[in-house]
*Asks:* 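Can you keep this structure in mind? I'll have questions shortly.
Chain A is the first sequence line, chain B the second, and so forth, proteins listed ahead of strands; every chain is numbered from 1. Values in this document were obtained by computation on a predicted structure and should not be read as measured data.
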Amino acid sequence: MDLEASYDFKTVEPHWQRWWLAERVYAYDRASQKQVFSIDTPPPTVSGKLHIGHVSSYTQTDAIARYQRMLGREVFYPMGYDDNGLPTEILTERECGVKAESVGRERFNELCLEVCEKFRALYRGLWQSLGFSVDWDQSYSTISPECRRVSQLSFLDLAAQGRLYRAATASLWCTRCRTSIAQAELEAQGRPGVFHYFSFKTPLGELPIASTRPELLPACVAVFVHPEDARFRRFIGTRARVPIFDIEVPVRADAKADPEKGTGVVMCCTYGDATDVAWTREHQLVSRVCLGEDGRLNAQAGVLAGSTIAEARVAIVERLKSLALISAQKEIPPEQHVVNTHERCGTEIEYLETRQWFVRLLDAKEELLRLGEKVRWFPAHMKVRYRNWVEGLHWDWAVSRQRYFGVPIPAWDCARCGSAAHPEPEELPVNPLKDRPSRPCRKCGGTEFTPDKDVLDTWATSSVTPQICAKWRSAGADARLVPMSLRPQAHDIIRTWAFYTIAKSAFHSGDVPWRDAAISGHVVKKDAQVEIQQVAGSKVERKSKISKSKDADRFSPQRLLETYPADCIRWWTCSSRLGLDVIFDEKEIAAGEKLLTKLWNATRFALSMLGEAPPFLPPEANKLQENGPERAFLSRLKNVVQLYHAAFAEYEFSAARSEIERFFWSDFCDHYIEYVKEIFYKAEKHDAGQREAAAATLGYALYAALRLFAPFLPHITEEIYQRAFRTRVGARSIHLTRLPMPEELPYGESDLRNWEDVKSVVNHARGHKSQFNYSLRQPLRVLYLSSEIKARLAGFEGVLCAVTASAAISDNPHDIDQVEELKGIPGGRIGFAFDEKALAVTRLAAGLRGIAQAGKQAAGLKANAAAGTMAIYAGKLSQSLAGTEELFAAALKVRAVQFLDASEIDLQPSAGGELQARFLPS
RNA sequence: GGGGGGCUAGCUCAGUUGGUUAGAGCGCCUGCCUUACACGCAGGAGGCCGUCGGUUCGAACCCGACGCCCCCCA
């Protein structure tokens, strides 16, 4: 078995990606008897490009999926695309350069479907080139008929429970998207504003008002002051006149009027903000609507009818000024002026009275909190974010959207009595615009219906992904999948996706949607102007979100995938813990390439030693020498396997990752391989039993390491597995094998201690040579170990001598100059004595190097260029010195006399053109 | 204003139930071509673990206060 000298990821990775697909390696088998591990994969919103943050979060999920699969679970790992709803409409408008209203509903929906198709392909291509072990046959798109069915079924189920109601009430409205939205779709933004100061006239004098929204004057219905505010208490109960519009409104008291803000007098309009909505309801005020659904003022605004909010604001301020009614204007900086905007488009949100469908949430807070407690959150503190959101709910969930591209609301209005008619569950999915109710109105028997033209909120569908996965209430339903084992997602959508999913699950099943929620952090960039300032003695860091426009190229997954192996990118993404933001640094990704090279080279070496049929089973313990190197090394592997599983059990993949990396690099490569070289290179010195034990251990440890790496590095491990192990192991992919378990490694604490002690001795020897700037091959005449250690490591003498290049191990300190403490071994002592002859030659060679360079320069040769080939050791002069023998002979002679106390040297060319130096004692 | 997280080596991060000289990778410096790998090996420099107080025989870790950064909510 020979591997090429280097690993070519550009051909290997796509090869296995195609093969996994063709072989359906990751297919979910619903007939399997194995325990199911089901993953509620986030269906990414089709809203544009995927960025490095998606890559990071989704790759972590894939590592978890692969781990669970190799643990022996039947893994259900689907991929969805959340392509219905407003985000897709906005994307389509941008992609096609159209407006939904201008092309019409049907045509626009067709365009949306085309755009979805395009982006689904793009997304899928990216996921596949990252090597995700998704079962692509389980893919779903939230606009598909099956998802429509589940989503509409959810609607009907909520309606049957009385959880749904339809009401014409003040609700959140986006004037750009011309639809109602839900509380979760709000995004608070700091924006600059201006307080305009003007007065309302009352019989008791003028009441000063400060308002940021003077355009709402025509909608003014009351004025509020704080009941305890001494300045204005006397006005309570009087009536005030609205300037310009000359409306008379009552002056009322309410604790929500903040005496500190503005003048302390607040005008209440229909509807300036959430407080206005509350006041209107609580004080039973009339409503005086001046704003239309299109964001323009209506007849209530008189001459200003038809103008936009911005235009009206300017016009009214001008008018107030011209009447000399404005007493002051004060700018408010963005950080003090927070406005609610629509998260999808940034438009400031208005409150309008419209007729919408609502899911009743506010009476279910306790149940939602209870289920939030039942879910295991990783990290645990993410539960608090969920709890805070639920406790802070103010609005029921408005689920109807006055848009085109979405799951239609399964409802018609009876033309006669006005009540809603719904389809039967088995008729789903329906499109009320085309389909008709199958029966007359239940209430009045009417047969004339008007279809509900609205569609459902995107989240109304994406909140039923567990039900979609389980094919809820259909012939193909798979009840084993729910509650699902794991919901992986980022922390920014706890209030939306996690929350709505829990809510739906609560109402439909009374249970949690998933047992565990693994919440990942974000990838952030280090600011260009990273400043480490000393402020009050503490370090100030600056980091910020990745901007989709500005940083697109630097953080583009496509570019990274063209530059680095997917395995490297994966390795990097698994370096951060759940819940923590990670700062992107391309160098960190590049560092992974070293690991791949190391893995490839070490494997190449091991396989060259092991032959065509490398061992892969755990070596039988009774064939291994007691207190010997194999048992010691395997006990370390056992230790690693334990730590690895413990880490993954808590979704701490980064801890598992560093365990296997450390084991492989430091224990396997730096120590065990160095030892087995002695066994294989000097086979004649070791009996068959020793050789067999070493081979079995090397093969097994390699195969174990490959499997432990496999969840992180699926491509390179598959390549090696297929070429070296598949035939004998049998499983058609490494990803269908089982991970090594601690039970298969029956080694004890004393073995582990031996291993650590041997490493400590070897490290000391290496350090000792390094201190003197000698090669690690510099021979030692004696390696001294204190008696107790020497006795304990008796079974390791061969290893130690070979790896440290020692001629002997002794516990006699007499001929050792210096004895030092053995790190990590209480009472252990170690010492070294170089082989003087070899040392002299080394020094001679080192001295010669300078002379050789000078000589070569003298001879007109490029000394620097050849320096790398001028290694001189063990008495040999390199071929590159040929032609200047005389010069070197002379130099050598001087050095020989100086270092070796030799009187003569004899310099002879040997076979192969090298020079052989022989030193004659004086 | 409320809540959450973070602050450990130049950079990115680990630090298990509080227990000798606080670790890794990258970067830097010194050496070393060692019959897998120079994308390597060995060694080294570099940290009053954000600040201050408390508990303790003992604190990066527990408690309190404060500072700064990020996020969520109002």
*Asks:* Is it true that, when you exclude A:K261 itself, more than 12 heavy atoms of the residues, nucleotides or ligands shown sit nearer than 6.0 Å to its NZ?
*Replies:* no

*Asks:* Between A:H715 and A:Y7, is the gap from one ring center to the other below 6.0 Å?
*Replies:* no

*Asks:* Rounded to the Å, how far apart are A:Y386 OH and B:G3 P?
*Replies:* 21 Å

*Asks:* Can you list, in residue-number order, the parts of residues 181-191 of chain A that come under 4.0 Å of RNA chain B, counting heavy atoms only?
*Replies:* A:Q183

*Asks:* Rounded to whole angstrom units, what separation is found between the CZ atom of A:F605 and the C1' atom of B:C37?
*Replies:* 11 Å

*Asks:* Is it the case that the ring center of A:Y675 lies less than 6.0 angstrom away from the ring center of A:H671?
*Replies:* no

*Asks:* Between B:G47 and B:U12, how far apart are the two C1' atoms, rounded to whole Å?
*Replies:* 16 Å

*Asks:* Which nucleotide, B:G3, B:G43, B:C41, lies nearest any side-chain atom of A:N388?
*Replies:* B:G3

*Asks:* Where do A:Y564 and A:E586 land on the side chain to side chain donor-acceptor pair (under 3.5 Å) test, with the steps shown first?
*Replies:* CA-CA 10 Å; A:Y564 303 100; A:E586 195 164 330; 2.8 Å; yes

*Asks:* Heavy atoms only: give me the nearest A:A498-A:Q489 pair and the separation to one decimal.
*Replies:* CB-OE1, 3.4 Å

*Asks:* Check the distance between B:G1's P and A:H337's NE2 and give it to me in whole angstrom.
*Replies:* 18 Å

*Asks:* Rounded to whole Å, how long is the line connecting atom CZ of A:R495 with atom C1' of B:G2?
*Replies:* 16 Å

*Asks:* So with a 6.0 Å cut-off around CD of A:E282, is the heavy-atom count from everything else above 12?
*Replies:* yes

*Asks:* So which one's nearest nucleotide on RNA chain B is more toward 5', A:T603 or A:D492?
*Replies:* A:T603

*Asks:* Can you confirm whether or not the ring centre of A:F584 sits under 6.0 Å from the ring centre of A:W572?
*Replies:* yes

*Asks:* For residues A:Y700 and A:Y703, establish whether the separation of their ring centroids is below 6.0 Å.
*Replies:* no

*Asks:* Of all the nucleotides listed (B:A42, B:C37, B:G3), which has the minimum atom distance to the side chain of A:R604?
*Replies:* B:C37

*Asks:* Answer with yes or no after comparing the ring centroid distance for A:W397 and A:Y500 against a 6.0 Å cut-off, counting only values under it.
*Replies:* yes

*Asks:* What integer number of Å spans the P atoms of B:G19 and B:C71?
*Replies:* 34 Å

*Asks:* From the list B:A74, B:C37, B:U34, which nucleotide is the closest neighbour of the side chain of A:K598?
*Replies:* B:C37

*Asks:* Could you state the NZ-C1' distance from A:K769 to B:A42, rounded to the nearest angstrom?
*Replies:* 11 Å

*Asks:* Using a 3.5 Å limit on both pairing distances, list the dot-bracket string of RNA chain B from the 5' end; Watson-Crick and G-U wobble pairs count, crossing pairs take [ ], interstrand pairs take |.
*Replies:* (((((((..((((.....[...)))).(((((.......))))).....(((((..]....)))))))))))).

*Asks:* Is the A:Y271 to A:W279 ring centre distance short of 6.0 Å?
*Replies:* no

*Asks:* Are A:F663 and A:F633 close enough that their ring centers fall under 6.0 Å?
*Replies:* yes

*Asks:* Work out how far the C1' atom of B:C49 is from that of B:A9, and round it to whole angstrom.
*Replies:* 10 Å

*Asks:* Which whole number of Å gives the distance between the C1' atom of B:G64 and that of B:A59?
*Replies:* 15 Å

*Asks:* Nearest to the A:I583 side chain among B:U12, B:G43, B:C39, which nucleotide is it?
*Replies:* B:U12

*Asks:* Using the C1' atom on both, measure B:G10 against B:G18 and round to a whole Å.
*Replies:* 30 Å

*Asks:* What are the two closest non-hydrogen atoms of A:A701 and A:F668, and how far apart are they?
*Replies:* CB-CE1, 3.8 Å

*Asks:* Atom pairs, N/O to N/O, protein against nucleotides 21-28 of chain B, distance under 3.5 Å?
*Replies:*
from: B:C26; atom 1: OP1; to: A:K594; atom 2: NZ; distance (Å): 3.2

*Asks:* Of A:H394 and A:N773, whose closest RNA chain B nucleotide lies nearer the 5' terminus?
*Replies:* A:N773

*Asks:* Using the side-chain heavy atoms of A:D585, tell me which of these nucleotides is nearest: B:A74, B:G15, B:C11.
*Replies:* B:C11

*Asks:* Taking atom C1' in both B:G1 and B:C11, compute the distance separating them and give it to the nearest angstrom.
*Replies:* 36 Å

*Asks:* To the nearest angstrom, how far is A:I494 atom CD1 from B:C72 atom C1'?
*Replies:* 9 Å

*Asks:* Quantified in whole Å, what is the P atom distance between nucleotide B:G54 and nucleotide B:C72?
*Replies:* 38 Å

*Asks:* Taking all non-hydrogen atoms of both residues into account, name the closest pair between A:W497 and A:P42 and its distance.
*Replies:* CH2-CA, 3.1 Å

*Asks:* Does the pair A:W665 and A:D670 meet the rule for a side chain to side chain donor-acceptor pair (under 3.5 Å), with working shown?
*Replies:* CA-CA 6 Å; A:W665 205 298; A:D670 293 345; 4.6 Å; no

*Asks:* For nucleotides B:G5 and B:G58, find the distance between their P atoms and express it as a whole number of Å.
*Replies:* 29 Å

*Asks:* What is the separation between atom CD on A:E586 and atom C1' on B:U12, rounded to the nearest whole Å?
*Replies:* 15 Å

*Asks:* Just compare B:A42, B:C11, B:C71 and give me whichever is closest to any side-chain atom of A:R385.
*Replies:* B:C71

*Asks:* Rounding to an integer number of Å, can you tell me how far A:E391 CD sits from B:G3 C1'?
*Replies:* 10 Å

*Asks:* Using the side-chain heavy atoms of A:T597, tell me which of these nucleotides is nearest: B:A42, B:C39, B:C13.
*Replies:* B:C39

